[in-house]
Amino acid sequence: MLGNRHNTPPPALAAAAAALRAMVAAALLVMLHAVDRLPAWWLALIGAASLALWVRGARLRRDQRLALWIVLAVLLIIGYLHNANTWQPDGTGLLRPTETGLWKTELVLAVALAVPLIHTVGHRLRPRLAVPSGQLFAREFALYINFSGIALALWDGDARLSQAIGATLLGWVALAELTLFASD
């Protein structure tokens, strides 16, 4: 059985998909530490791809417009924060921010945006599953903002990617995924 009458995947497949989203989101965040400036064309490319995710016909529904505006606004903020920070080599091939507050805010927004986008793309690539609405995207985004904001507010380490911050990333993604699973 590939799913129930509501086109939802079986629990094992949903757990595997959640784990994959967590790993991809963490990989994207690590990749951010390999560049000292985010070129505007990267952000424009991600924004154009996001627009393509929700366009079905000539008119977007209200929830689709909401999701698209969330993506575009958060991309602008992430780009601004990343480029406003000064990045220095950390000795292990990545870059380390000098302003921890900017970095934490960027990290929260990047996680909160990456996971719902990965979820939406995953559903678009599997035509048998129902495509998540913009309302679900906004709910996931809000949930990740809450969990990642709380996790980083409590975390007082320095701004270096380490096993501890990797475990923190995976931990809050897992908590948010469990909350989403429990709310369905």
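All values below were derived from every heavy atom in this structure, side-chain atoms included, with hydrogens, water molecules and symmetry-related copies excluded.
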Close side-chain approach of [X] to [Y], heavy-atom, < 4.5 Å:
X: Lys104; Y: Thr100; value: yes
X: Thr98; Y: Gln88; value: yes
X: Val71; Y: Phe137; value: yes

Original post:
If you look at every heavy atom in Leu66 and Ala138, which pair is closest and at what distance?
Top reply: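 Residues Leu66 and Ala138, closest heavy atoms: CD2-CB, 3.7 Å.
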Under 4.5 Å between side-chain heavy atoms, counting indirect links through other Ile/Leu/Val/Met/Phe/Trp/Tyr residues: same cluster for [X] and [Y] or not?
X: Leu43; Y: Tyr80; answer: yes
X: Ile46; Y: Ile77; answer: yes
X: Val74; Y: Trp42; answer: yes
X: Leu81; Y: Val35; answer: yes

Nearest 0.5 angstrom please: [X] [atom1] to [Y] [atom2], how far?
X: Leu95; Y: Thr86; atom1: CG; atom2: OG1; result: 11.5 Å
X: Leu117; Y: Glu140; atom1: CG; atom2: CD; result: 10.0 Å
X: Asn85; Y: Trp103; atom1: CG; atom2: CH2; result: 10.5 Å
X: Asp63; Y: Arg139; atom1: CG; atom2: CZ; result: 12.5 Å

Original post:
Does the gap between the ring centers of His82 and Trp87 come in under 6.0 Å?
Top reply: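 Between His82 and Trp87, the centre distance is under 6.0 Å.
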Subject >> Among Leu109, Thr105, Asn83, side chain to side chain contact (heavy atoms under 4.5 Å, CB included) partner for Ile78 >> reply: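 Among Leu109, Thr105, Asn83, the one that satisfies the side chain to side chain contact (heavy atoms under 4.5 Å, CB included) with Ile78 is Leu109.
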